[in-house]
Every structure is written in C-alpha cells, then in structure tokens.
2 protein chains.
Amino acid sequence: MQISSRFTIAVHVFTCIDVFKGDYKITSDFLASSVNVNPVVIRRIMQQLKTAGLIEVRRGTGGIEPTRPLDEITFFDIYKAVECVDNGELFHFHEDPNPQCPVGRNIHAALNGRLNEVQEVMENEMKRITLREVVCATKERISSEN
Amino acid sequence: MQISSRFTIAVHVFTCIDVFKGDYKITSDFLASSVNVNPVVIRRIMQQLKTAGLIEVRRGTGGIEPTRPLDEITFFDIYKAVECVDNGELFHFHEDPNPQCPVGRNIHAALNGRLNEVQEVMENEMKRITLREVVCATKERISSEN
DNA sequence: CATGCTGTAATGTCAATAATTACATCCGAT
DNA sequence: ATCGGATGTAATTATTGACATTACAGCATG
C-alpha cells in the first residue's frame with residue numbers, strides 16, 4: 001500500500017504558508033485551491049497537524065502558523081501526524097499464525113526484528129529531511145521560472 | 001497505510017517450505033493451516049511469487065519449491081512480488097495541484113527527489129535482508145523450545 | 001452583531017484487503 | 001483410463017481506509 005496523499009498535501013500546505021505569508025490570508029479555501037482538493041480535506045489535515053503540535057490555527061479570523069521554524073519540522077513529524085496507523089507498525093503482520101505449528105508460533109518473533117530494522121531505517125531517513133529543504137527548493141524553482 | 005500482510009505471509013510460507021520439506025507434503029491447505037488463512041489466499045500469493053520467478057509450483061500432485069537458494073531471495077524481491085502498486089511509488093502524491101499557483105506547479109518537482117530518497121533507503125535495506133536469516137532464526141527458536 | 005472562517009458530523013463513492021464458495025483443470029497412482 | 005487430490009481462478013461478500021462533498025454549529029473580529 002502507498003502512504004496517503006495527506007502527507008504530500010501537508011508538505012504542500014506548509015510550503016504555501018511560508019511562500020504566501022504576508023501576501024495572502026491563509027485560509028482553508030485558499031489552500032484548497034492551490035492543492036486542488038476540497039477545503040474540508042485541508043481542515044481535517046490541519047487538525048491532525050495541530051494535534052501533533054506542528055501548527056496553530058486561528059479560528060474565526062482564519063490563519064495558520066507553524067509552531068517552530070521549518071528546519072525543525074521533519075518529514076517524520078508530518079508522517080506521524082498524518083498517517084493514522086494505531087500501533088505505528090509499517091508492516092501488517094498476519095494476525096493469527098497457528099500456535100500448534102512450530103513455524104506458526106515462532107515466525108513472529110523471528111521476523112519482527114527484521115521488519116523493525118526496515119522501518120527504523122526508513123524513519124531515520126525521514127527524520128533527516130526537514131521542511132526547510134523542500135520550501136527552499138520550491139522557492140528556487142519559482143524564482144527561476146522567469 | 002501499512003504494507004499488506006501478504007508480505008509476512010509470503011515469508012511465513014517460505015519458512016514452512018524450508019522447515020517441513022521432506023517431512024510433509026507442501027500444499028496450500030497445509031500452508032493455510034500454519035498461517036491460519038484461507039487456502040485460496042495462499043494460492044493467490046503463490047501465484048504472485050511464481051510470476052515473480054521466486055518459486056515453482058507443481059500442479060496436480062502439489063508441491064512448491066524456491067527457484068533459488070534462500071540467501072539469494074531478499075525482502076525486496078518478495079515485497080515487489082506481492083505489493084501491487086502499479087508505478088512502484090511508496091508515496092501517493094496528490095494528483096492534481098493547481099498549475100496556476102506557483103507552489104502548485106512546482107511542489108511536485110521540488111518534493112519528489114526527497115520522497116525518492118526515503119523510498120530508496122527503505123528498499124536498499126530490504127535488499128540487504130534475505131530469507132535465509134529469517135529461516136535460520138526461526139529454526140533456532142524452534143530447536144531451543146525444549 | 002454580521003461576516004467570514006474553522007470544527008466536525010453525516011453521507012457517498014471508490015479501491016484494496018481478505019474470506020469464502022465453486023468449479024474447471026491438471027497429473028500421478030492405482 | 002480414470003479416480004482423487006491439488007492447483008488456478010472467477011465470483012461474491014464484508015470490512016476498511018481514502019477522499020469528496022454538503023451542511024451547519026461555533027468562534028472571533030471589524
């Protein structure tokens with residue numbers, strides 16, 4: 001399965017906020033039009049980011065702001081905020097191997113460590129990459145458009 | 001989203017084949033009972049592994065065999081065989097950012113490289129891990145059960 | 001207090017996972 | 001040659017998550 005587009009949408013939103021702050025009022029409608037999804041989708045993702053402590057949202061008047069500088073927000077932060085797998089496991093282990101089979105009752109313990117290695121490597125890479133890099137790259141591309 | 005349990009089931013099956021070959025006839029029913037899923041689920045996964053060239057299946061009489069030694073079959077081989085995302089992308093990019101927005105028309109190019117970095121790191125780790133390691137670990141656990 | 005925005009529930013569509021039934025097909029053993 | 005045990009695969013169903021959309025209550029500020 002693929003990682004939900006909520007992830008790339010969240011990165012897109014952070015980028016918009018940084019690029020357009022000051023020039024435009026950042027509302028869910030404004031963002032929805034840039035991302036090209038329904039405003040409610042934006043608002044729901046914003047709730048997840050807020051719950052994770054990554055942004056603050058002003059009600060009534062509108063407006064969204066990151067709670068920390070962008071080089072302190074990593075892909076992993078966003079991934080965790082937005083990907084709703086309860087136990088946080090990347091791999092879905094078949095629930096119910098037969099305990100009467102020697103393989104069935106040992107495979108979980110024998111395999112789990114390896115699965116975690118893969119997950120850890122991936123998550124560490126996500127912790128290395130910050131929003132700042134993406135925002136900078138986007139701004140460069142914008143200014144070199146002319 | 002999580003990686004389908006087809007992955008761990010496939011690893012479980014390979015382990016059963018290696019542990020029980022000679023002592024039992026390896027049929028989809030036999031495997032289904034160890035994994036504790038429906039035999040048809042096993043057969044479908046076996047088809048995917050066969051299509052990927054990882055196993056050979058004997059019709060009529062039954063029987064499954066890996067086409068290569070287990071230390072030449074990696075997690076990545078199995079992952080690719082069993083995880084059916086057409087384009088092979090780990091991240092699902094929102095399809096349709098607004099090209100009239102400077103961010104919308106540049107975010108894909110600015111972000112894609114980073115996403116690929118994450119995917120590559122993960123896939124490289126999966127290429128490092130072979131079935132042999134899991135089968136050995138399982139056998140050790142089985143023999144130390146007494 | 002009117003306006004514009006957020007928060008969120010309700011509903012619908014679509015795709016993927018997984019279970020299950022059913023049956024055609026294959027092939028070795030008797 | 002055929003019987004019995006297996007595989008190959010289609011069809012159906014239930015469940016779940018993604019995502020879209022409508023609707024409306026609640027909030028904050030001019």
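Letters go in sequence order (proteins before strands), and every chain restarts at 1. Small disclaimer: the values here were computed from a predicted structure and weren't measured.
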Five pairs at each end of the helix from dC1(C)-dG30(D) to dT30(C)-dA1(D): take the axis at both ends and give me the angle between them to 10°. 10°
Distance, rounded to the nearest Å, where [X] contributes [atom1] and [N] contributes [atom2]:
X      : N       : atom1 : atom2 : answer
L31(B) : dG8(D)  : CG    : P     : 12 Å
I3(A)  : dA18(D) : CD1   : C1'   : 14 Å
D29(A) : dT21(D) : CG    : P     : 13 Å
Q48(A) : dC19(D) : CD    : P     : 11 Å
I42(A) : dC5(C)  : CD1   : C1'   : 15 Å
F91(B) : dA18(D) : CZ    : P     : 15 Å
F7(B)  : dA18(C) : CZ    : P     : 14 Å
M46(B) : dA6(D)  : CE    : C1'   : 15 Å

May I have all residue pairs that pass salt bridge (charged side-chain N to carboxylate O under 4.0 Å, His left out) and include part of residues 104-113 of chain A, sequence neighbours excluded? R105(A)-E145(B)
On DNA chain C, compare the nucleotides closest to N38(B) and I64(A); which residue's is nearer the 5' end? I64(A)
Nearest-neighbour nucleotide for the K25(A) side chain, dG8(D), dC5(C), dT20(C) considered: dC5(C)
Which nucleotide, dT7(D), dT21(D), dT17(C), lies nearest any side-chain atom of V41(A)? dT21(D)
With R68(B) via side chain to side chain donor-acceptor pair (under 3.5 Å) - residues at least two apart: D77(B)
Describe, in one word, how the ring planes of F30(A) and Y24(A) are oriented to each other, choosing from parallel (under 30°), tilted (30 to 60°) and perpendicular (over 60°). parallel
Students often mix this up, so state it plainly: with edges at 30° and 60°, are the rings of F7(B) and F75(B) parallel, tilted or perpendicular? perpendicular
OP1 or OP2 of [N] versus the side-chain N and O atoms of [X]: is any pair under 4.0 Å?
X      : N       : answer
H94(B) : dC19(D) : no
R6(B)  : dT17(C) : yes
Q47(B) : dT7(D)  : no
R59(B) : dG8(D)  : no
K50(B) : dG8(D)  : yes
S5(B)  : dA18(C) : yes
T27(B) : dA6(D)  : no

Rounded to the nearest 0.5 Å, what separates atom CD in Q119(A) from atom CZ in R114(A)? 15.5 Å
Enter the distance from L31(A):CG to F14(A):CZ here, rounded to the nearest 0.5 Å. 11.0 Å
Under 4.0 Å, heavy atoms only, any strand: does V57(A) hit a base, just the sugar-phosphate, or nothing? sugar-phosphate
Taking any heavy-atom pair under 4.0 Å as a contact, classify R58(B): base, sugar-phosphate, or nothing. sugar-phosphate
On DNA chain D, more 5' by nearest nucleotide between H92(B) and S28(B) is S28(B)
NZ/NE/NH1/NH2 to OD/OE distance under 4.0 Å, R132(A) and E72(A): no
Exercise: do S34(B) and H12(B) side chains pair donor with acceptor under 3.5 Å: yes
